[in-house]
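Okay, structure first, notes after.
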Protein chains: 2
Amino acid sequence: MDAYEYIKDAIVQGKFEPDMRLGEESLAKQLNLSRTPIREAIKQLEAEGLVVPLKRGVSVRAFTKEDIRQIYDLRILLEGYAASQAAHFRTEHDLKAMEKANKHYEKVINECIESNIRNIKEIVDANQQYHEAIIAATKNSHIHFHLSKVVVVPIIFRSFYWYNHFHLKQSLESHKIILAAVKNKEPERARIAMHEHIYQGRDHVLKHLSN
Amino acid sequence: MDAYEYIKDAIVQGKFEPDMRLGEESLAKQLNLSRTPIREAIKQLEAEGLVVPLKRGVSVRAFTKEDIRQIYDLRILLEGYAASQAAHFRTEHDLKAMEKANKHYEKVINECIESNIRNIKEIVDANQQYHEAIIAATKNSHIHFHLSKVVVVPIIFRSFYWYNHFHLKQSLESHKIILAAVKNKEPERARIAMHEHIYQGRDHVLKHLSN
DNA sequence: TATTGACTTATTGTATACAAAGGATTAAGT
DNA sequence: ACTTAATCCTTTGTATACAATAAGTCAATA
């Protein structure tokens, strides 16, 4: 397995906790690699801001409540724009992709609610696919590039992020509203709906964060 | 000197041209270093999107006209937001910093016009300081983080970016308008002025790009 | 007992050595 | 002459070895 993917996943899944120091030798042993590729992976993660440099080596970045607030503000700006652009310029192909992603999200949510089993990874993935479909319709690869870095952070706190059925249903409803606006080519409606959708996610996360 | 800084500067200054392959041994010799730190620097640049991976090694990313368009769209969105936020929340201290940066920019521009000498680096730096002062007033470090990656790209094409006195004066005028709006706490005015300012820069660059 | 200082240890940062994979060049065959 | 194949060479990718520095420990003195 790739060192970069391994470490990033471990951070996002919370296996490597905030402020935990990442020892190179330790990681090298876990991955059956030498320190050289480990260090390269760490440098990439540092450039993305997921780990922070110490005097020597790095530690997992501990995002503060203020960080989360700022990241959501940024995400609201970018994804709101993406939604409005999608409503403007979407093709039939884009729409099909979004509808497919939405159908899938609906299926996952409903299964989750019925069986009362919280398969967090599946929900997070389905949600991301939906958002990616909208961003793809924007046809701005640079926005996609930066959003992909931004979106990852709150997922670190996903353990309580998706924890109740009400929020899940609310989220699904928002997705439908956004999709309808894009389908009807209503940019401002799409932007506002996306804003509201992400604000709800933000509030939900912030409510459960202490510091 | 740091390998990362060296390579990044060389790319931004145009010393390493687009599509040029970056040989590790060659860079190591230039910097009197071994390949190890070179590779780490390259990984960072790859994460930022300034170099692209080949089957083996990397080359300097060749940004297309479409890339530039997308990057400017993104920058307009982010800096427009920054300007409006600055107008909302700016403190006296923020304002002082912006005014100082603006004074300095004015000085540089005027010297440049009078002496007819185009010290491109000085102009670019003064311009960046002004924009940074506005972004600082936003108090959103994550927006600053992403903008810092975005802003760099068009500078690669700066040789003709700042090439005439009319554009320079126009740019200075825009800066003053934005500053006034921030000073008077007019968020929408500030955003629109920033949009216009960056659109002008965009058009100027695009006009001189062929493909 | 607390604090400071030297010493020891562990881990990073850098260099080098080795292995593997592309790309280039040359030769052979059609 | 042009294409194809095989070999060689250059450069990357990985591992290891060495050097440098930060941190931790222990002892000594106030």
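Proteins get letters first, then strands, A, B, ... in listed order; numbering begins at 1 in each.
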Next item on the list: Look at all strands and tell whether A/L22 reaches a base, only sugar-phosphate, or nothing, counting heavy atoms closer than 4.0 Å.
Entry: sugar-phosphate
Item checked: For atom CZ of A/R35 and atom C1' of D/dA19, their distance in whole Å -> 12 Å
Margin query: Rounded to whole Å, how long is the line connecting atom CZ of B/R39 with atom P of D/dT11?
Written below: 14 Å
Notebook entry, point to check: Want to settle it: does B/K55 or B/E40 sit nearer the 5' end of DNA chain C, counting the closest nucleotide to each?
Noted result: B/E40
Next item on the list: May I have the distance from A/L54 (atom CG) to D/dT21 (atom C1'), rounded to whole angstrom?
Entry: 14 Å
Notebook entry, point to check: Rounded to the nearest Å, what distance is computed from the CG atom of residue B/L33 to the P atom of nucleotide D/dC18?
Noted result: 20 Å
Check: Tell me: CD of A/Q44 to P of D/dG13, nearest whole Å?
Finding: 12 Å
Notebook entry, point to check: Pick from A/R56, A/K43, A/R39: which one makes a salt bridge (Lys or Arg N to Asp or Glu O under 4.0 Å) with A/E24?
Noted result: A/R39
Notebook entry, point to check: In terms of side-chain heavy atoms, does B/S171 have a donor or acceptor partner in B/Y105 at a distance below 3.5 Å?
Noted result: yes
Checklist line | Spacing of A/K29 atom NZ relative to D/dT16 atom P, expressed in whole Å | finding: 13 Å
Notebook entry, point to check: Nearest nucleotide by nearest heavy atom, which residue falls closer to the 5' end of DNA chain C, A/T36 or A/R56?
Noted result: A/R56
Next item on the list: Assess the pair A/H208 and A/H204: is the distance between their ring centroids shorter than 6.0 Å?
Entry: yes
Margin query: Side chains of B/Q70 and A/I143, heavy atoms from C-beta outward: is any pair under 4.5 Å?
Written below: no
Next item on the list: Let me know the distance between CD of B/E25 and P of D/dT12, rounded to the nearest Å.
Entry: 8 Å
Checklist line | Rounded distance in Å - CD (A/E24) to C1' (D/dA17) | finding: 15 Å
